Amino acid sequence: MNDTRRAVLERLAEGPVPGPDVADDLGVSRNAVWKHVEGLRGSGFDIESSDDGYALEGIPEYGGPAVEFGLDAPFSVEYHDAVGSTNDRARELAAEGAEDVVVLADEQTGSRGRLDRAWSAPSGGVWASLVLRPDLPPAHVPALTLAAAVATTDAAREAGVPAEIKWPNDVLVGTEGDRGGRKLAGILTEMEGEADRVSWVVVGIGVNANIPVDDLPEGATSLREEVGEVDRRVFVQRLLERFDDLRGDPESAVEAWRERSATLGQRVRVERADGEVVGEAVDVAFPGSLVVETDEGRVRVHAGDCEHLRPV
Ligand code: BT5
């Protein structure tokens, strides 16, 4: 949504207002106001016109303009009913110079997990990829993945789901149970940069929102399964707002991650490209490495797949 359209919408949301007043306030022509009102109606906003002027009576349930409306974070949203992978689309936008754009889809037909694993993304999910241009050295980018995991966890908790984070990027529910938790969300961060500067980062966040578990892989859960259907518009807004708070202070993201972690204090096995590490997960160190106390001493693991083991 462009800035003028957003401003028109905000004026109409305050109550009935005559078109000419909106035009004067925003310094645009009456015809321009009318065009924006028609555009907003086309996007699903219910705008009534009466003798008192225009009034906003209803907003679309979901989609780009719906998420942008009332969003307290500086992101614009490109929405797709269906797309191959939101990360792939976000990478295209990043290559074109985009910043603070969120690619959001109802369904993905070719989405990816880490290490080119498949990610199942049927209709009803929250599939979002954030195009960022942070002023960070590449080595600090993992902190953004932690920030995204915290933001996702907090949005899930606000929706009533007691989510926790498994290092580095899985958001789980029910980690106390025998099966070690069911996966609610995953994060895939990709970047391009030089030795000392990031050019762009794409943080891809996949949340099983309003999806029946039968449509998901074994071991997965969804918000719908845990608490019933959620308002995806509000969920995405809270997630983006929380992420926006955290990204400016990566150290605080790591601290917030510790507080929501299901991994710290657990016996873990971490599979790395160059072998496995087994021991107790004792800390996460900036910008996101897991510190494991092994029989041979402390090891810092930067990347890998982590499994929580039963205590010995
Ligand atoms: C992840 O990978 O957890 C990262 C997933 C990132 C997906 C988002 S959606 C928006 C954006 N666009 C993309 O194309 N991707 C991102 P990983 O840790 O490698 O976990 C992958 C494994 O999780 C798979 O091998 C399955 O076992 C399991 N899995 C697949 N789909 C799942 C789902 N919907 N829910 C829970 N688990 C799933």
Side-chain angles (χ1 to χ4, degrees), residues 67 75 77-94 101-132 142 144-146 148-149 151-153 155-156 161 163-175 179-191 200-226 232 235-236 239-240 243 262-263 268-273 288 290 301 303-308:
V67 171
F75 294 106
V77 180
E78 179 186 287
Y79 179 77
H80 301 263
D81 284 329
V83 69
S85 152
T86 54
N87 262 42
D88 290 348
R89 175 60 190 143
R91 292 173 65 119
E92 278 174 21
L93 291 171
V101 175
V102 179
V103 179
L104 185 67
D106 176 52
E107 178 183 0
Q108 296 177 103
T109 51
S111 53
R112 298 178 279 115
R114 294 179 303 147
L115 306 171
D116 274 329
R117 288 187 279 237
W119 179 259
S120 142
S123 169
V126 165
W127 318 123
S129 297
L130 286 54
V131 182
L132 311 169
L144 293 177
T145 303
L146 300 196
T152 305
T153 301
V161 177
E164 291 178 295
I165 311 169
K166 183 174 77 145
W167 185 84
N169 62 356
D170 284 355
V171 178
L172 305 181
V173 182
T175 54
R179 285 155 59 226
R182 302 175 298 280
K183 184 157 166 173
L184 178 69
I187 294 159
L188 172 66
T189 300
E190 299 179 291
M191 61 172 266
W200 53 257
V201 177
V202 166
V203 178
I205 305 174
V207 186
N208 302 323
N210 295 333
I211 304 175
V213 270
D214 290 350
D215 296 350
L216 291 168
E218 175 89 32
T221 190
S222 66
L223 296 172
R224 181 184 128 141
E225 173 71 13
E226 303 294 330
R232 283 187 293 170
F235 183 89
V236 174
L239 194 164
L240 294 176
F243 180 81
T263 300
V268 296
R269 177 190 296 123
V270 189
E271 304 276 356
R272 299 184 300 185
L290 188 68
V301 190
D305 279 316
C306 171
E307 187 191 348
H308 294 173

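Everything quoted here is computed from the prediction, not taken from an experiment. As the structure lists them, so they are numbered: ligands from 1, and atoms in each ligand from 1.
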When you measure from [atom] to every protein heavy atom, which one gives the shortest distance, and what is it?
| atom | value |
| --- | --- |
| atom 2 (O) of ligand 1 | R114 N, 3.1 Å |
| atom 1 (C) of ligand 1 | K183 NZ, 3.8 Å |
| atom 8 (C) of ligand 1 | G206 N, 3.7 Å |
| atom 38 (C) of ligand 1 | W119 CZ3, 3.4 Å |
| atom 25 (O) of ligand 1 | R117 CD, 3.5 Å |

[atom2] on [Y] to [atom1] on [X], rounded to 0.5 Å:
| X | Y | atom1 | atom2 | value |
| --- | --- | --- | --- | --- |
| T109 | H80 | OG1 | NE2 | 11.5 Å |
| T86 | E78 | OG1 | CD | 10.5 Å |
| T175 | H308 | OG1 | NE2 | 7.5 Å |
| R232 | L104 | CZ | CG | 8.0 Å |
| S129 | R89 | OG | CZ | 11.0 Å |

| request: Please tell me if the side chains of S120 and L216 come closer than 4.5 Å, counting only heavy atoms from C-beta onward. | output: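 In contact.
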| message | Can you confirm whether V203 sits close enough to I187 that some side-chain heavy atom of one is under 4.5 Å from a side-chain heavy atom of the other? | response |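 They are in contact (side-chain heavy atoms under 4.5 Å apart), so the answer is yes.
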Within a distance under 4.0 Å of any heavy atom of [X], pick out the atoms of ligand 1 and give their elements.
| X | value |
| --- | --- |
| S85 | 12 (N), 13 (C), 14 (O) |
| A118 | 24 (C), 30 (C) |
| N208 | 33 (C), 34 (N), 35 (N), 36 (C) |
| A220 | 35 (N), 36 (C) |
| L216 | 34 (N) |
| S111 | 13 (C), 14 (O) |
| G113 | 2 (O), 4 (C), 5 (C), 19 (O) |

| said: So that I can tick it off, tell me whether D305 and R117 are bridged by a salt bridge, with the cut-off set at under 4.0 angstrom between side-chain N and carboxylate O. | reply: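 D305 and R117: salt-bridged.
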| message | Check this for me: does any side-chain nitrogen of one of E225 and R182 sit under 4.0 Å from a carboxylate oxygen of the other? | response |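 Here E225 does not pair with R182 in a salt bridge, since their nearest N and O are not under 4.0 Å apart.
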| task | Look at the side chain of D106 and the backbone N and O of G124, then say whether any donor-acceptor pair between them is shorter than 3.5 Å. | result |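 Looks like yes, one N/O pair under 3.5 Å.
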| task | May I ask you to check whether R112 has an N/O atom sitting below 3.5 Å from an N/O atom of ligand 1? | result |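 Looking only at distances, the answer is yes, because the N/O contact criterion of under 3.5 Å is met.
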| query | Do any nitrogen or oxygen atoms of S120 come within less than 3.5 Å of a nitrogen or oxygen of ligand 1? | reply |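 Looking only at distances, the answer is yes, because the N/O contact criterion of under 3.5 Å is met.
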| task | Verify side chain to side chain contact (heavy atoms under 4.5 Å, CB included) between I205 and V126, making sure each step is shown before the conclusion. | result | CA-CA 8 Å; I205 305 174; V126 165; 5.9 Å; no
| request: Using protein heavy atoms only, decide if any is under 4.0 Å from atom 17 (P) of ligand 1. | output: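 So atom 17 (P) of ligand 1 has protein heavy-atom neighbours under 4.0 Å.
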| Hey, looking at atom 12 (N) of ligand 1, which of I187, V83, T86 has the closest heavy atom? |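 Comparing heavy atoms across I187, V83, T86, the nearest one to atom 12 (N) of ligand 1 lies in T86.
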| field | Q108, R89, R91: member with heavy atom nearest to atom 9 (S) of ligand 1 | value |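 Shortest heavy-atom distance from atom 9 (S) of ligand 1: Q108.
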| query | Relative to the ring of W119, is the ring of W127 parallel (under 30°), tilted (30 to 60°) or perpendicular (over 60°)? | reply |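 Plane angle over 60°, so perpendicular.
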| message | Yes or no: does G110 have any heavy atom under 4.0 Å from an atom of ligand 1? | response |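 No.
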| Is the shortest distance from a heavy atom of S129 to ligand 1 less than 4.0 Å? |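 For ligand 1, residue contact (heavy atoms, under 4.0 Å) with S129 is present.
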